[in-house]
Amino acid sequence: YLRPGGKSAITGRDVNGYSMVLNTAIDRIQEQPSTAGGALEPDGICYRAYAEGRGWLPPACNGGVAGTIEEERRLEALEIWSTRPGLSVCYQVHQEEIGWMPEVCNGEVTVIKDSGLRLEALKIRLTSTAWGEWVRYAAHVQDKGWGDIAQEGKEAGTTGEGKRMEAFRVWVCDSTVKSRKHPCYW
């Protein structure tokens with residue numbers, strides 16, 4: 001929702017025509033995120049999704065699934081943030097009927113113009129990192145399942161196909177990851 005003057009009540013930024021975060025989400029946005037297991041992971045990246053009919057789901061971190069699978073629910077908003085000091089993350093979503101929305105960073109909610117529109121794809125990039133770090137991510141899409149893993153600003157999900165994004169996962173990778181089974185090696 002908006003403050004007088006067209007500023008987001010969440011970020012204080014001028015939304016410049018990209019109005020209205022889901023009103024039902026506003027109260028939840030201001031709540032402290034929590035996971036079923038307690039505290040969020042202290043090192044890496046965390047994120048959560050706003051799913052159709054469910055609202056904000058618990059946060060996931062470091063490759064965990066945010067969203068729903070096999071429930072046929074569209075994602076309508078998301079937020080991503082780093083739990084590591086000095087690591088900054090920016091992200092952008094492709095929204096039904098609108099296209100690519102403006103990029104937001106560090107826990108800001110992706111802006112929703114009208115409630116009920118599906119997210120179809122996302123792009124994520126790290127903006128401040130230690131040398132040798134990068135981000136990888138994947139989207140779970142209606143009728144397709146998990147798509148290819150994308151990296152550093154590339155598209156995950158679909159555009160122009162009318163398919164809803166139902167879930168996503170994110171990993172921060174660096175040269176210390178040694179397991180060939182880890183998504184940083186895919």
Side-chain angles (χ1 to χ4, degrees), residues 1-31 33 45-60 65-81 89-127 135-170:
Y1 74 144
L2 301 176
R3 288 184 179 150
K7 301 270 186 200
S8 164
I10 303 302
T11 65
R13 293 169 75 183
D14 184 350
V15 294
N16 200 20
Y18 295 101
S19 61
M20 301 304 282
V21 173
L22 295 170
N23 287 334
T24 56
I26 297 301
D27 294 332
R28 292 187 179 116
I29 292 167
Q30 296 169 346
E31 294 173 3
I45 195 160
C46 295
Y47 36 93
R48 65 181 181 162
Y50 188 95
E52 168 192 16
R54 298 273 308 271
W56 284 111
L57 300 174
V65 175
T68 62
I69 299 174
E70 298 180 6
E71 291 186 35
E72 298 181 0
R73 296 179 187 273
R74 68 180 171 261
L75 297 187
E76 297 177 354
L78 57 87
E79 57 185 353
I80 305 171
W81 64 96
V89 59
C90 292
Y91 42 100
Q92 186 177 17
V93 296
H94 188 276
Q95 188 177 21
E96 166 189 15
E97 299 178 6
I98 296 172
W100 288 105
M101 300 295 289
E103 183 178 74
V104 295
C105 300
N106 301 322
E108 290 182 88
V109 175
T110 54
V111 179
I112 303 300
K113 186 172 182 180
D114 298 306
S115 63
L117 296 179
R118 70 179 169 265
L119 301 184
E120 299 175 331
L122 78 152
K123 297 177 183 178
I124 305 171
R125 66 186 181 90
L126 300 181
T127 59
V135 65
R136 296 191 95 179
Y137 45 98
H140 188 277
V141 175
Q142 169 189 356
D143 300 328
K144 293 186 171 212
W146 288 105
D148 292 338
I149 292 178
Q151 179 172 313
E152 282 297 330
K154 303 295 184 200
E155 181 181 310
T158 63
T159 58
E161 295 183 31
K163 303 283 186 186
R164 68 180 171 265
M165 192 168 69
E166 300 173 330
F168 68 103
R169 309 170 77 161
V170 184

CG/Leu75 to OG1/Thr110 distance, rounded to the nearest 0.5 angstrom? 9.0 Å
For the side chain of Glu152 and the backbone of Val135, is there at least one donor-acceptor N/O pair under 3.5 Å apart? yes
For Glu72, give me all partners under salt bridge (Lys or Arg N to Asp or Glu O under 4.0 Å), at least two apart in sequence or on another chain. none
Test of understanding: with salt bridge (Lys or Arg N to Asp or Glu O under 4.0 Å), list the residues that count as partners of Glu155, not counting sequence neighbours. none
For Gly147 and Ala138 the tightest heavy-atom approach is O-CB, 4.2 Å
Under the side-chain hydrogen bond (donor to acceptor under 3.5 Å, both in side chains) test, which residues partner Arg169, sequence neighbours left out? none
Non-hydrogen atoms of Leu57 and Ala51 that approach each other most closely: CD1-CB, 3.9 Å
Interatomic spacing from NE2 in His94 to CG in Leu122 - rounded to 0.5 Å: 12.0 Å
Among Glu96, Met165, Glu97, which one satisfies side chain to side chain contact (heavy atoms under 4.5 Å, CB included) with Glu120? Glu96
Hey, are the side chains of Tyr91 and Glu108 touching, using non-hydrogen atoms and a 4.5 Å cut-off? yes
The reported gap from CD in Glu79 to SG in Cys105 (rounded to nearest 0.5 angstrom) is 13.5 Å
Inter-residue atom distance Cys90.SG - Asn106.CG, 0.5 Å rounding: 6.0 Å
Residues in salt bridge (Lys or Arg N to Asp or Glu O under 4.0 Å) with Lys123, at least two apart? none
Which heavy atom in Ala49 sits nearest to a heavy atom in Ala66, and how many Å separate them? CB-C, 4.2 Å
Between Trp100 and Thr159, is a side chain to side chain contact (heavy atoms under 4.5 Å, CB included) present by the stated rule, with each step listed? CA-CA 9 Å; Trp100 288 105; Thr159 58; 4.1 Å; yes
Step by step, would you call Thr68 with Arg54 a side chain to side chain contact (heavy atoms under 4.5 Å, CB included)? CA-CA 9 Å; Thr68 62; Arg54 298 273 308 271; 3.6 Å; yes
Looking at every non-hydrogen atom in both residues, tell me the closest pair between Trp146 and Ile69 and how far apart they are. CZ2-CD1, 3.6 Å
Heavy-atom closest pair (Gly157 atom, Val141 atom, distance to 0.1 Å) is CA-CG2, 3.8 Å
To the nearest 0.5 Å, how far apart are CD1 in Ile45 and CG in Leu126? 6.0 Å
Working to the nearest 0.5 angstrom, can you tell me the gap between Asp143 CG and Arg164 CZ? 7.0 Å
Worked check of side chain to side chain contact (heavy atoms under 4.5 Å, CB included) between Thr127 and Val89: CA-CA 6 Å; Thr127 59; Val89 59; over 6 Å; no
Return the set of residues passing salt bridge (Lys or Arg N to Asp or Glu O under 4.0 Å) with Lys144 (not counting sequence neighbours), or none when no residue passes. Glu161
From the list Glu166, Lys163, Glu52, side chain to side chain contact (heavy atoms under 4.5 Å, CB included) partner of Arg74 resolves to Glu52
Between the side chain of Gln151 and the main-chain N/O of Arg136, is any donor-acceptor distance below 3.5 Å? no
Evaluate the salt bridge (Lys or Arg N to Asp or Glu O under 4.0 Å) criterion for residues Arg125 and Glu103: first the C-alpha distance (whole Å), next the side-chain angles of each, then the deciding distance (0.1 Å), finally the verdict. CA-CA 10 Å; Arg125 66 186 181 90; Glu103 183 178 74; 2.8 Å; yes
Measure across Ala77 and Leu119 and return the closest heavy-atom pair with its distance rounded to 0.1 Å. N-CD1, 3.7 Å
Partners of Tyr137 by ring-ring contact (aromatic ring centres under 6.0 Å, His included), sequence neighbours excluded? none
How are the rings of Tyr47 and Phe168 set to each other: parallel, tilted or perpendicular (split at 30° and 60°)? tilted
